[in-house]
Amino acid sequence: MINFKRYVLNNGLKVLLHKNPTTNITAVNLLYDVGARDENPNRTGFAHLFEHLMFGGTKNIKDFDFVLQKAGGENNAFTTNDITNYYITIPQENLEVALFLEADRMNELAFSHKRLNVQRNVVIEEFKQRYFNKPYADVSLFLRPLAYKLHPYQWSTIGKEISHIAEAKLSEVKEFFYKYYAPNNAILVVSGNNNPDKCIKQIEKYFSNIPARKVPKRDLPQEPVQTQKRHLLLERKVPSDAIFMAYHMCGRRDKEYHATDLISDLLSNGKSSLFERMLVKEKKIFSEIDAYIQGSLDPGLLLINGNLLPGIDFETAESEIKNVLNIIKTGNFDERELQKVKNKSYSNTLFQLSKNLNIATELAFYELVFGAEKINEIEQDIMNVSKNQIIQIANNILNDNNLSVIYYKSIK
């Protein structure tokens, strides 16, 4: 059981405090309710750009990392299509330093053309490294817009194309900051062996004077139901042919989410999974194959990708994948296999939540999505999934009308 206290400051900042007496290191997690889905389609990559800009200094602090490291702290951040998340670990006696730094950059960054150019160049190089310098790395630039026609999940967090960041104006960047990086659009979690009363006073000291901002109401275009199979052929200099398949599925808040996640686990989680056993070891169709879900807040994708062995054509590979999917759809799998993936899923969750930083991060995420109390119902949600539910969902989503597929052909 993960216990916490909830507070809401006058400016709208949500605060969760978790008392963890097992550690002398405090975790501070600050989640902003903004991700790539909130961007202008003609100016994508801004949420990820801010992951960098937020470390670029303020009027008070020129070097965020230097001050934090002097206090014994470490930090990092990540951006998804749904959220932007910043986290710090620091000795509990220096918690106030972390709170000051986070509040300081929430209040106002030191915007300048020079700072923007520095971080812009970093992001552009990251874009090139991520998509152009690795085999198969550019597939998401094509699979996302193949699967999504209206919803902003069309693009990855780093953006649609380099020009959107290269041409970004300082005024546009400042506007994005003041829209979304606001106390009333954030959730702060502090987890550690701290006195809750003292901790909330410190939080109020640094955050309460930051004014609430006018955060735009999210009104995203909803993706229409896909009605026919979509297909694309890419030719690249890569080691082997590969196939990438995407089926539309529910969102993170949906009651079918855990069952869909378990479908992906039945397919590819472990050496005894269906894909590994049938398509890698027995039939030798793939050198490797994987299935997983995106975990998106809005309706997302169940993804399958595999590298074909020499002599196997794309049509055969796709057909063999669908034969395995039919095992799920017809219920021709053992209840013990389902129980095994349930146990593994829950064990992985327990392991993650044994770490203090992960508790802080997950509390913030659950508070955003469900209300943080839901974090204590994970076992129940996973274990309640039935075989019949698995079969029903598999038949609903694992069909050609719901499929986008890319054949990624190797050329000399």
Side-chain angles (χ1 to χ4, degrees), residues 1-9 12-33 35 78 80 82-89 92 95 185-200 203 249-265 269 292-298 300 338-387 389-390 393:
M1 177 71 72
I2 297 175
N3 297 308
F4 58 90
K5 291 186 176 182
R6 179 187 284 109
Y7 305 85
V8 181
L9 303 192
L13 177 67
K14 295 179 181 178
V15 179
L16 302 181
L17 302 182
H18 170 65
K19 176 82 170 175
N20 187 349
T22 67
T23 179
N24 292 322
I25 301 296
T26 295
V28 177
N29 193 94
L30 188 57
L31 181 153
Y32 289 97
D33 185 11
F78 63 85
T80 73
D82 298 311
I83 65 170
T84 309
N85 197 78
Y86 299 85
Y87 53 91
I88 292 171
T89 54
Q92 66 184 62
L95 168 61
N185 200 44
I187 299 167
L188 175 67
V189 179
V190 178
S191 178
N193 193 19
N194 306 94
N195 180 289
D197 293 333
K198 180 181 179 181
C199 188
I200 193 62
I203 290 170
M249 59 167 282
C250 64
R252 186 64 181 83
R253 295 180 176 91
D254 197 286
K255 62 182 180 181
E256 297 182 343
Y257 175 83
H258 286 291
T260 313
D261 191 18
L262 291 173
I263 289 173
S264 71
D265 289 344
N269 192 344
Y292 54 96
I293 64 173
Q294 291 179 320
S296 307
L297 295 188
D298 293 336
L338 177 57
Q339 189 61 49
K340 185 168 72 173
V341 295
K342 284 183 182 181
N343 293 342
K344 190 171 184 179
S345 177
Y346 182 59
S347 296
N348 289 341
T349 301
L350 283 182
F351 177 74
Q352 289 298 317
L353 292 177
S354 67
K355 301 175 183 178
N356 193 47
L357 175 58
N358 290 345
I359 292 175
T361 303
E362 289 300 301
L363 275 173
F365 181 75
Y366 271 80
E367 178 69 5
L368 173 71
V369 181
F370 308 104
E373 291 83 3
K374 186 71 172 176
I375 198 171
N376 293 310
E377 300 176 16
I378 300 173
E379 179 182 16
Q380 177 183 338
D381 291 341
I382 294 172
M383 294 304 174
N384 283 349
V385 174
S386 68
K387 183 174 181 178
Q389 190 180 12
I390 294 281
I393 293 169

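One-based numbering along the sequence shown. No experiment lies behind these values; they were computed from the predicted model shown.
Here Thr84 contributes atom OG1 and Leu30 contributes atom CG; the two are 10.5 Å apart, rounded to the nearest 0.5 Å. Between the CE atom in Met249 and the OG atom in Ser264 there is a gap of 8.0 Å [rounded to 0.5 Å]. Separating the OG atom in Ser191 from the CG atom in Leu357 is a distance of 8.5 Å, to the nearest 0.5 Å. Between Met1 atom CE and Ile375 atom CD1 the span is 11.0 Å, to the nearest 0.5 Å. Distance CG/Leu31 to OH/Tyr86: 10.5 Å, rounded to 0.5 Å. The CG atom of Leu95 sits 7.0 Å away from atom CD1 of Ile203, with the distance rounded to the nearest 0.5 Å.
Between Arg252 and Asp82 there is no salt bridge, since no side-chain nitrogen of the basic residue lies less than 4.0 Å from a carboxylate oxygen of the acidic one. For Glu367 and Lys374, the salt-bridge test fails: no basic side-chain N is under 4.0 Å from an acidic carboxylate O. With salt bridges taken as basic N to acidic carboxylate O contacts below 4.0 Å, none links Lys355 and Glu362.
Side-chain atoms of Arg253 never come within 3.5 Å of backbone atoms of Phe370 as a donor-acceptor pair (strictly under, hydrogens ignored).
At least one side-chain heavy atom of Asn85 sits less than 4.5 Å from a side-chain heavy atom of Thr361. Within the 4.5 Å cutoff, the side chain of Ile2 has heavy atoms near those of the Ile359 side chain. Between Leu297 and Phe365 there is a side-chain heavy-atom pair separated by less than 4.5 Å. Side-chain contact between Asp265 and Lys344 is absent, with no heavy atoms from C-beta onward closer than 4.5 Å. Between Ile263 and Ile390 the shortest side-chain heavy-atom distance falls below 4.5 Å.
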What pairs of donor and acceptor atoms, side-chain ones from residues 254-262 against any protein atom, are under 3.5 angstrom apart with sequence neighbours left out?
residue: Asp254; atom: OD1; partner: Glu256; partner atom: N; Å: 2.8
residue: Thr260; atom: OG1; partner: Glu256; partner atom: O; Å: 2.8

Would you sort out whether Asn343 and Gln339 count as a side-chain hydrogen bond (donor to acceptor under 3.5 Å, both in side chains), showing the intermediate values?
CA-CA 6 Å; Asn343 293 342; Gln339 189 61 49; 3.0 Å; yes
Taking it one step at a time, do Asn193 and Ile25 satisfy side-chain contact (heavy atoms from CB on, under 4.5 Å)?
CA-CA 8 Å; Asn193 193 19; Ile25 301 296; over 6 Å; no
Step by step, work out the side-chain contact (heavy atoms from CB on, under 4.5 Å) result for Thr89 and Thr26.
CA-CA 6 Å; Thr89 54; Thr26 295; over 6 Å; no
Before you tell me yes or no, could you show the steps for Ile378 and Tyr366 under side-chain contact (heavy atoms from CB on, under 4.5 Å), namely the whole-Å CA-CA distance, both residues' side-chain angles and the distance that decides it to 0.1 Å?
CA-CA 11 Å; Ile378 300 173; Tyr366 271 80; 3.4 Å; yes
Asn356/Thr23 under side-chain hydrogen bond (donor to acceptor under 3.5 Å, both in side chains): CA gap, chis, key distance, verdict:
CA-CA 8 Å; Asn356 193 47; Thr23 179; 4.9 Å; no
Step by step, work out the side-chain contact (heavy atoms from CB on, under 4.5 Å) result for Leu9 and Lys14.
CA-CA 7 Å; Leu9 303 192; Lys14 295 179 181 178; over 6 Å; no
What's the verdict on salt bridge (charged side-chain N to carboxylate O under 4.0 Å, His left out) for Lys342 and Glu379, showing C-alpha distance, side-chain angles and the deciding distance?
CA-CA 9 Å; Lys342 284 183 182 181; Glu379 179 182 16; over 6 Å; no
Does the pair Gln92 and Asn194 meet the rule for a side-chain hydrogen bond (donor to acceptor under 3.5 Å, both in side chains), with working shown?
CA-CA 7 Å; Gln92 66 184 62; Asn194 306 94; 5.4 Å; no
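Nearest approach of Leu17 to Cys199, heavy atoms of both residues: CD2-SG, 3.7 Å. The two atoms that bring Leu338 and Ser386 nearest to each other are CD2-C, 4.1 Å, heavy atoms only. Of all heavy-atom pairs spanning Asn195 and Lys19, the tightest one is N-NZ, 4.3 Å.
No side-chain donor-acceptor contact under 3.5 Å links Ser296 and Asp298.
Phe78 and Tyr87 have tilted rings, their planes meeting at an angle from 30° to 60° on a 0 to 90° scale.
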